[in-house]
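Counting begins at 1 with the first residue of the sequence. Atoms within each ligand, like the ligands themselves, are counted from 1 in listed order.
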Amino acid sequence: MRVLFIGDIVGSPGRQIVQHRLADIVAQRQIDLVIANGENSASGFGITPRLAQELLNMGIDVLTGGNHSWDRREILEYMPHESRLLRPANFPDGNPGSGLYVGTAKNGVKYAVLNLQGRVFMASIDDPFRKADSELAKIPADVAFVFVDMHAETTSEKLAMGWYLDGRVTAVVGTHTHVTTADEHVLPEGTAFITDVGMTGPHGGVIGMDRQGIIRKFLDGLPARFEVASGDVQMNCVLIETADEAPRNSAGRLRARSIERLRFCID
Ligand SMILES: [Fe+2]
Ligand SMILES: [Fe+2]
């Protein structure tokens, strides 16, 4: 089984490169399932119902979120109606939406996607580690592929989650920093891991936003409105391949054979 994960999609440049490239990538690399982080798809801040639908219609099967999941008020009402749009599971119980999705990929394999958020240098929400335990316990036994998006600021918290879930899920990938790390590998018990996938959008600014505004903010510290950057639009992804013939992991899920970083640019 081959699964593509697309790093945080930022603004219209990010949406456009996905629209432009995804179908070919899926066909050429025989992708069975596409997951993407969409927390920045609305001008860098949040996601709207229209944009969620637009991204799902491009061939993305499940959208994950993060600290920006709640930026657009209209998404709160929409979330309970679109189970393929996740937000981190460890926000307070009772918040709209869910952090876990269970579905069937186009190759017929049942899969689950779990979205978590870290707490170091971020909002002090519920413990993502204990939340991972309780959410994983809800996943039916016939689910073969389990994917975790760990949306967090620090490398340590993301790698700790990778080790914590090694042998229980197929992949743990980090998102949120918008900067790709070069540490993709498969952990000893078969869980694919990368600290951060990086982002999908313009790299001519500072983590997706216009550099002039960001530099000014560092200089004067005054409140500012940031615009999406332009230039050097990249789509940063990882491709996870499962070891279908290998024994399942301790939770009965598929092990990963490999994790590969992929970067696509606008020609
Ligand atoms: Fe992001
Ligand atoms: Fe984020």
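Taking a cutoff of 4.0 Å between a charged side-chain nitrogen and a carboxylate oxygen, Asp183 and Arg261 do not qualify as a salt bridge. The existence of a salt bridge linking Lys106 and Asp32 is excluded, since no basic side-chain nitrogen approaches an acidic carboxylate oxygen closer than 4.0 Å.
The Fe ion (ligand 1) lies at the vertex of an angle of 90° between the OD1 atom of Asn40 and the NE2 atom of His178 (rounded to 10°). Around the Fe ion (ligand 2), the angle linking His176 (ND1) with His151 (NE2) is 90°, rounded to 10 degrees.
Aromatic ring centroids of Phe147 and Phe5 lie under 6.0 Å apart.
The Fe ion (ligand 2) has an N, O or S atom of Glu39 inside 2.8 Å of it.
The atom of Asp8 that is an N, O or S and sits closest to the Fe ion (ligand 1) is OD2.
Taking 4.5 Å as the limit, some side-chain heavy atom of Ile75 sits within range of a side-chain heavy atom of Tyr78.
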